[in-house]
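Report on the following structure.
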Amino acid sequence: MSCIAPHVAPLQATHERLTWLKPRDDDRYRLVGWTCDCRAVVYELRSSGGAFFVHRIVQGRPRTIPETGRTRAAEAHKLWLAILLGQAR
C-alpha cells in the first residue's frame, strides 16, 4: 500500500525556524492540505474564517497541537510549500 498524502522532505541546513503558537479554540476549520500520517510528525494546512495556518501534530504525544500564526492564503501556501520542501520547521 502506498501513501496518498505527501511526505515532508528532510530538513535543510539553512531552514527557517518557525514560531509555533498555542492553538486557538476554533470550532470550525477547513482542512486544505496534510502530510502523510505514516510519519511521527504530521502537518495540516487549515483555513478558518478566511485565515490560513499550519497545525503540527506529533503523534503519540498529548494533543497540545501548536500552530503557526494566521495569514492570507498566498502566504500560507508559500509556508506550506517551504515545510514540504524542508525549508521551514
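Both backbone and side-chain heavy atoms feed into the values below; hydrogens, waters and symmetry mates do not.
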Within 6.0 angstrom of L31 CG, more than 12 heavy atoms from elsewhere: yes
ILVMFWY cluster, L81 and V8 together (side-chain gap under 4.5 Å): no
Within a strict 4.5 Å, meaning less than it, do heavy atoms of the L11 and Q87 side chains meet? no
Non-hydrogen side-chain atoms of T68 and L79 separated by less than 4.5 Å: yes
Contacts of type ring pair (Phe, Tyr, Trp, His ring centres under 6.0 Å), residue Y43, not counting sequence neighbours: none
Hey, does T35 have a side-chain heavy atom less than 4.5 Å from the side chain of W80? yes
Quick one: CZ on F53 to OH on Y29, what's the gap to the nearest 0.5 Å? 8.0 Å
Pair K78 + E75: basic N to acidic O under 4.0 Å: yes
Derivation of the side chain to side chain contact (heavy atoms under 4.5 Å, CB included) call for H77 and L45: CA-CA 8 Å; H77 282 91; L45 177 59; 3.9 Å; yes
Side chain to side chain, R70 and S48, heavy atoms closer than 4.5 Å: yes
Could I get the full list of side-chain contact (heavy atoms from CB on, under 4.5 Å) partners for C38, not counting sequence neighbours? C3, H7, C36
Quick one: are D37 and Q59 in side-chain contact, heavy atoms under 4.5 Å? yes
Is any side-chain heavy atom of R89 closer than 4.5 Å to one of L18? no
Before you tell me yes or no, could you show the steps for R46 and H55 under side-chain hydrogen bond (donor to acceptor under 3.5 Å, both in side chains), namely the whole-Å CA-CA distance, both residues' side-chain angles and the distance that decides it to 0.1 Å? CA-CA 7 Å; R46 295 180 174 189; H55 250 33; 3.0 Å; yes
Are V32 and V41 linked, directly or through intermediate hydrophobic residues, by side-chain heavy-atom contacts shorter than 4.5 Å (ILVMFWY only)? yes
Any non-hydrogen side-chain atom of R56 less than 4.5 Å from a side-chain atom of E67? no
To the nearest 0.5 Å, what is the distance between CD on E16 and CD1 on I83? 9.0 Å
